[in-house]
Every structure is written in structure tokens, then in C-alpha cells.
Protein chains: 2
Amino acid sequence: MVTIKDIARVAGVSYSTVSKALNNSPLVQEKTKQKILKIAEELGYQPNIAAKKLVSNKSKTIGVVWPTVNRVTLSTIVTKINEEIENASYSMILSINPLNSAVNMFKRFQVDGIVVFDDQELSDQHLEANIPIVFLGGTNGRFPSIDVCRRDAFYNAVQYLHSLGHRHLAFVGHLPHRNNRQFEKYIGFTEALIHLGINPQPEMFINTEGLYLYHGYEAMKKLLKSDYQPTAVVGGSYEITEGIIRAVKEAGLKIPDDISVIGYDNIPQMENLEVPVTAVGAPVDKIAKTTVDVLISHINNPSEKAKVYKVEPEIFERKSCRPISE
Amino acid sequence: MVTIKDIARVAGVSYSTVSKALNNSPLVQEKTKQKILKIAEELGYQPNIAAKKLVSNKSKTIGVVWPTVNRVTLSTIVTKINEEIENASYSMILSINPLNSAVNMFKRFQVDGIVVFDDQELSDQHLEANIPIVFLGGTNGRFPSIDVCRRDAFYNAVQYLHSLGHRHLAFVGHLPHRNNRQFEKYIGFTEALIHLGINPQPEMFINTEGLYLYHGYEAMKKLLKSDYQPTAVVGGSYEITEGIIRAVKEAGLKIPDDISVIGYDNIPQMENLEVPVTAVGAPVDKIAKTTVDVLISHINNPSEKAKVYKVEPEIFERKSCRPISE
DNA sequence: TTGTAAGCGTTATCAA
DNA sequence: TTGATAACGCTTACAA
């Protein structure tokens with residue numbers, strides 16, 4: 001392995017001069033610098049990151065704790081976060097370990113900051129971390145967190161459909177007993193209904209009992225067979241929305257001619273479904289950007305106090321909704 | 001940051017003693033060792049990898065290049081590999097970047113070795129790496145690789161069903177034009193049929209046109225409605241097998257009473273399906289262990305030459321198959 | 001059994 | 001403008 005000392009020996013200078021030259025310091029004479037650079041090149045010098053890390057105590061690395069590896073939206077967000085991190089001249093390390101052990105590993109690697117996907121189970125974990133951490137997905141008192149405003153998203157979806165003339169709506173989503181994330185969606189939908197003067201009825205809420213395609217498919221089939229025939233539905237997740245589309249298609253109906261659909265999870269993939277689906281929710285790009293910005297800001301200013309950063313939902317209009325007259 | 005010096009101060013010993021204790025050296029008194037370990041624990045000590053790497057020129061870290069594909073088996077393997085890596089006293093870094101950029105990142109991190117999930121697209125990439133790499137999933141000439149023997153797995157599945165008396169079989173799997181991995185499954189199934197004197201018929205092969213639940217579900221529904229009624233089917237992936245089960249259930253049939261099912265992808269999750277499913281394939285534990293063993297062996301002996309390491313498929317009998325008499 | 005001290009490759013602070 | 005030198009956190013002879 002070629003070190004700066006080898007270069008120094010060949011160049012006939014001290015190795016501290018070599019270090020400065022290699023870091024393009026203005027403190028070395030241009031001529032010396034060029035000579036050193038040339039020798040470094042010839043010798044095939046590669047800096048030793050471990051040593052750099054040791055002395056600077058910065059790794060320019062961000063760790064991401066990502067336990068739920070099998071959801072499209074989450075992988076999309078991870079991918080975007082990766083891009084944002086690289087844009088900011090950092091590197092990303094992923095860990096699929098549980099929160100605490102992932103954080104330990106990241107400490108060993110001396111990451112400069114950590115992003116945690118805030119799953120339900122994680123929130124309760126005791127976490128002792130003297131390192132900047134951002135929780136992504138909900139609100140969290142102890143650490144800075146990114147709130148994706150699920151409630152507002154569903155509120156907006158209903159409002160949008162209402163503005164298109166729809167009065168018979170349905171919520172097709174997961175309604176577990178103890179899950180604030182999902183509950184927020186339900187509340188947002190209900191709240192909008194009330195504000196718009198639509199009386200919430202039980203048949204408007206179809207519990208998919210899961211977040212995946214099959215759940216959405218089954219729930220939608222059930223809905224289409226029921227007495228209540230909405231003119232528009234809102235899907236509770238990307239996968240659920242996929243299932244809704246299949247079910248509608250199988251029933252021989254057309255989107256948006258026979259029924260309008262809005263999907264939650266504002267990811268680009270909504271464009272590529274059989275029908276490009278109008279989506280609502282905080283756009284993944286913004287979620288990723290906010291997350292990384294907040295984290296880096298906390299890295300640079302460790303005393304910054306924890307708060308909740310909201311990413312506002314937006315509606316991306318595509319081809320799955322149409323106006324309707326009563 | 002907590003260092004061995006902090007521990008030394010608290011324990012009232014020198015930091016070299018701490019180092020030895022932490023590395024479980026026989027040169028420290030058991031009592032001292034325990035005391036030091038306890039303090040390290042209390043202080044939340046995490047070793048600094050950069051420093052370790054500097055002095056030992058080893059980072060004790062393995063990088064894994066992982067395609068962000070939402071398949072249970074892949075996440076399971078990654079999880080198992082993570083465990084194996086930790087068992088071997090290494091740490092795992094995941095990267096979801098494309099092969100080359102992931103490898104570059106891993107080099108900067110000075111990992112000791114790299115595991116690559118061998119997707120179709122990756123195989124063609126030009127890769128210049130002077131670092132041990134293992135390709136996982138197929139066969140690869142230039143690098144050591146782990147072959148999960150898909151062909152043998154399907155061969156064995158057919159043989160097993162045949163031994164139970166089944167003569168009317170069906171393959172429910174993904175048959176894309178250009179994918180050796182999937183094609184191997186098809187070949188194994190066919191080969192066994194021929195060897196056992198069963199004449200392969202087109203209706204025995206149901207192309208799911210995808211590897212996910214919905215694909216299996218749809219394909220199985222189609223099969224159940226067709227003229228050909230097999231007494232046993234083999235599912236081409238875990239998710240496909242899930243879909244098969246749904247379809248069978250919806251048709252009002254019982255597994256294994258009315259139809260036997262074997263699933264490919266030998267993962268523990270097969271146990272937790274509605275019917276615990278008899279699975280075939282290289283067990284994920286062994287895949288993970290072999291992968292990590294091979295990589296570490298190449299790390300310790302860099303001149304070892306690249307070869308293909310096979311992980312033999314096994315059948316895990318559960319409750320989804322029953323004997324049948326002609 | 002424990003401690004001392006050198007050194008891994010680098011950056012950064014002074015002094016020359 | 002350059003060069004000594006002291007860290008950074010750790011392992012490992014070797015000395016005590």
C-alpha cells in the first residue's frame with residue numbers, strides 16, 4: 001500500500017507537505033504541489049479512508065434503518081434518500097437490523113447521522129443515542145421527525161373528489177386496532193366528509209385488513225358486490241390501489257368512466273399502473289429531500305432542538321378521476 | 001464517543017488491558033475481563049472500525065449489493081446473511097446502488113469482501129474488483145458463485161410427488177423468454193416428468209407471467225377452471241404459492257385433501273401459510289451460510305480460485321401433500 | 001496478569 | 001512555504 005510517506009520520500013519533502021498538497025491546500029507552492037501530485041499518480045496512491053476517518057472523526061456517511069423491506073413505497077423512499085444523500089456528498093449505509101442493533105452498528109461505523117423508518121413497533125423501543133437521528137413517517141417527541149401528514153392527504157383526496165362532483169365515496173384501506181399511521185388516514189377521510197356535509201356511513205369504509213395488493217383486491221370485490229355503489233374510491237396504499245384496479249377491471253368496469261380512483265402513496269409508480277392513477281400524499285421526492293436536509297442540518301448543528309417537520313401532501317392528477325354531475 | 005481509554009479510566013486499568021479483554025484474550029484475568037465487559041456495556045462502547053482497520057488492515061466488514069426487489073425470499077436471505085456475517089464476527093453493510101457504484105462505495109469503506117445478489121442484468125456488467133466477491137444465486141465464471149440448483153429442486157419436487165402416487169402434475173411458475181433462473185425450474189420439472197415416464201403436456205405448464213401472489217392466484221384460478229385437473233401442483237416461488245393457496249381455497253377445495261401443493265423457495269415462512277406448505281429448494285439458512293463461508297474463505301485466502309459452490313435443494317415436508325392411489 | 005509504548009496513515013497545529 | 005509533531009482509537013510486542 002502506497003502512503004503519503006512513500007510519496008514524501010520520493011519527492012524529497014515531508015509527509016505533512018504531501019498531505020497538504022493532496023488536499024489542495026493553498027499553503028504549498030504550486031510547483032511542489034504539481035510535483036507531488038505527479039508522483040502520487042505514478043505510484044498509484046489511494047488515500048486510506050480509515051485513517052482519514054480516524055483523525056477527522058467524520059465519516060461523511062449516513063446510516064438508514066430499514067426493517068420493512070417489502071413495501072414498494074418504502075423502497076422507493078430509500079432509493080430517493082440514497083440519491084439525496086449522494087447529492088449532499090455523503091454515502092448511505094443500510095441496515096435491516098432492529099433499531100437498536102442497527103444504531104449500534106452505525107455507531108461502530110461512525111456514521112454522522114441516522115434515518116429511522118418509524119414503524120409502529122419501533123416507537124416503543126428505548127433508544128440511547130448521542131448521534132443525530134431523524135424519524136421518518138410519523139411524529140416523535142424525543143427526536144426530530146418527518147410527518148407525512150396522512151390525515152391531510154386523505155382530507156384533500158375527499159375534497160378533490162367532491163370538487164369533481166362526487167358525493168358517493170368509499171375509503172378502501174387498512175384499519176387495524178392499534179396503528180396510528182393507518183388511523184390517521186381514516187380520520188382525514190371522515191373529517192372531510194363531515195366538513196363537506198356528507199354523512200359518514202359504515203358502508204363507505206372498507207377494511208382491507210392489510211396493506212397489500214390482495215387485500216385491496218378482495219376488499220374492492222366485496223364493495224362492488226355490495227349495495228353501496230360509490231362513484232369514487234380512495235385506496236389506502238399503493239398496493240391496495242393496485243388491487244382496486246384489478247377488481248374493477250375484473251368486474252368489467254372502466255376507470256374513470258364508471259368509477260374514479262385516487263391512490264394514497266405519492267410515488268411515480270402510480271403513473272405506470274394499467275390506468276395512470278391520480279395519487280395523493282406527500283411526494284416521495286420531498287419526503288426524501290426533507291429527511292436528508294433535516295438530518296444534515298442536525299449533523300451540522302447538534303444542539304438544534306427536536307421538532308416535527310411536515311411534508312405537505314399534494315395531489316398528482318393523472319387519468320383515474322373524472323368530473324361527475326349529480 | 002466512548003473509547004477504550006474511557007473504559008480503562010473507569011475500570012482503573014490500562015487501555016491495553018481493556019483492548020485484550022474486549023478481544024477475549026486469554027491474557028487477562030477472568031475477573032478483570034468481566035468487570036471491563038460490564039463497564040463497556042454500561043458506557044455503551046462501540047469499537048471504532050476506522051481505528052481497527054488502520055492497525056489490522058482489516059475492517060471485519062462485508063458489503064452486500066442488493067437489488068431492491070420486493071420478494072420475501074430475497075429479504076429472508078439478506079436477513080440470514082446478516083446473521084451469518086455477525087456470527088462470523090463481521091458486520092454487514094447493505095447497498096441498493098447498481099453493482100459498480102455499490103462496489104466503489106464498499107471499496108471506500110474498505111470492506112473485506114462483497115456479496116452480490118446475482119440478478120440477470122448484473123451478470124453482464126463489467127466489473128473491475130481487486131477484492132473478494134461472491135455472486136449469489138446462479139453460476140458465474142469470473143467470480144466464485146453460489147448455485148442454488150433450481151433445476152434439481154424442481155426435479156426433486158416432481159420425484160417426491162410421484163413417489164406419493166401423483167401422476168397428474170402441474171407447474172405453476174414464471175416463464176419469461178430470457179431468464180435462465182426461471183428457465184431452470186421449468187427444465188427440472190420437465191426432465192423429471194420424462195425420467196418418470198410421464199409425457200409432458202402443454203396443459204401441465206401454467207405461465208404465471210410474474211413471480212408474485214397475484215400471478216399465482218390468477219394462474220391457479222385459470223388452471224382450476226380448465227379441463228386438466230392435476231392432483232398436485234408445484235409453485236414457482238413463495239408468492240406464487242401463496243396465490244395458489246388462495247385460489248384453491250376460493251374454489252372451495254382443500255389442501256391436501258383435494259390437491260397437493262409443493263412450493264419452491266425453501267423458506268421458513270412456508271410453515272406459516274394457511275396450510276403449512278411442503279417446500280423444496282436450497283434452504284435459505286444453507287444458502288446464507290455457504291455464501292458467507294465461501295466469501296470469508298476467499299477473504300482469508302485471496303489466491304483461492306473462483307468456482308461454483310452448489311447448495312443442494314432439500315424437501316421440507318409439511319402438511320400440503322398427501323399420498324394418492326391411482 | 002497487567003502495563004508501556006510503538007505504530008497503523010492521516011490531518012492539523014505550530015514552529016521554523 | 002515547509003517541516004516537526006501531536007493526535008485520532010486501536011492492536012500487539014515486549015517489559016514489568
Side-chain angles (χ1 to χ4, degrees), chain A residues 1-41 43-61 89 104-112 130-131, chain B residues 1-40 43-61 89-91 107-112:
Chain A
M1 175 178 223
V2 182
T3 72
I4 54 174
K5 288 184 183 172
D6 298 317
I7 301 174
R9 205 173 308 118
V10 176
V13 297
S14 78
Y15 66 85
S16 72
T17 302
V18 174
S19 172
K20 285 170 198 152
L22 258 21
N23 289 299
N24 201 21
S25 158
L27 296 166
V28 255
Q29 209 174 212
E30 189 57 29
K31 200 180 122 199
T32 323
K33 194 185 284 182
Q34 291 312 323
K35 184 172 148 196
I36 290 172
L37 256 28
K38 185 156 165 284
I39 294 173
E41 174 75 35
L43 262 39
Y45 169 77
Q46 290 295 334
N48 182 326
I49 309 265
K52 282 192 172 181
K53 216 187 275 189
L54 233 201
V55 54
S56 69
N57 203 30
K58 286 257 160 271
S59 62
K60 281 300 215 173
T61 302
S89 307
N104 278 340
M105 194 194 83
F106 289 152
K107 278 186 181 169
R108 278 188 272 124
F109 273 100
Q110 312 223 97
V111 300
D112 297 333
N130 44 355
I131 188 176
Chain B
M1 170 176 230
V2 184
T3 72
I4 54 174
K5 289 184 183 171
D6 298 318
I7 301 174
R9 204 173 309 119
V10 176
V13 297
S14 78
Y15 65 87
S16 73
T17 303
V18 173
S19 171
K20 286 169 198 155
L22 258 20
N23 290 301
N24 201 22
S25 158
L27 297 165
V28 259
Q29 205 174 216
E30 189 57 31
K31 201 179 120 200
T32 322
K33 194 184 285 181
Q34 290 311 324
K35 184 172 149 198
I36 290 173
L37 256 29
K38 185 157 164 284
I39 293 173
L43 262 38
Y45 169 76
Q46 293 295 331
N48 182 325
I49 294 199
K52 278 194 168 175
K53 170 78 192 183
L54 236 200
V55 54
S56 68
N57 203 30
K58 291 249 157 276
S59 63
K60 284 299 215 172
T61 302
S89 307
Y90 280 72
S91 294
K107 277 184 179 170
R108 279 192 283 118
F109 274 98
Q110 316 220 92
V111 301
D112 296 334

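The sequence lines fix the lettering, A, B, ..., with proteins before strands; numbering per chain opens at 1. These numbers were taken from a predicted model, which means no experiment stands behind them.
Remark: side-chain polar atoms of K33(A) are paired, donor with acceptor, to backbone N or O of S25(A) under 3.5 angstrom.
The CZ atom of R9(B) sits 15 Å away from the P atom of dG3(C) (whole-angstrom rounding). Taking atom NZ of K5(B) as the reference point, atom P of dA5(C) lies 13 Å away to the nearest angstrom. In this entry the distance linking OH of Y15(B) with P of dC10(D) reads 11 Å, nearest Å. Separating the CG atom of N48(B) from the P atom of dG9(C) is a distance of 16 Å, rounded to the nearest angstrom. Atom NZ of K52(A) and atom P of dT10(C) are 8 Å apart (whole Å).
Comparing dG3(D), dG9(D), dT1(C) by their closest approach to the side chain of T32(B) singles out dT1(C).
In this structure, S19(A) reaches the bases: a heavy-atom distance under 4.0 Å links it to at least one base atom across the strands shown. Within the nucleic acid shown, K53(A) has no heavy atom closer than 4.0 Å to any nucleic acid atom. In this structure, S16(B) reaches the bases: a heavy-atom distance under 4.0 Å links it to at least one base atom across the strands shown. At the heavy-atom level, V55(B) lies under 4.0 Å from base atoms of the strands shown. Among the atoms of the strands shown, base atoms are found under 4.0 Å from some heavy atom of K20(A).
A donor-acceptor contact closer than 3.5 angstrom links the side chains of S14(B) and T17(B).
Along DNA chain C, the nucleotide nearest to L27(B) and the one nearest to P47(A) differ in position, and the one closer to the 5' end is contacted by L27(B). Closest-nucleotide positions on DNA chain C for K33(B) and L54(B) were compared, and the one nearer the 5' end corresponds to K33(B).
Only one option out of I7(B), D6(B), I4(B) pairs with Y15(B) in a side-chain contact (heavy atoms from CB on, under 4.5 Å); it is I4(B).
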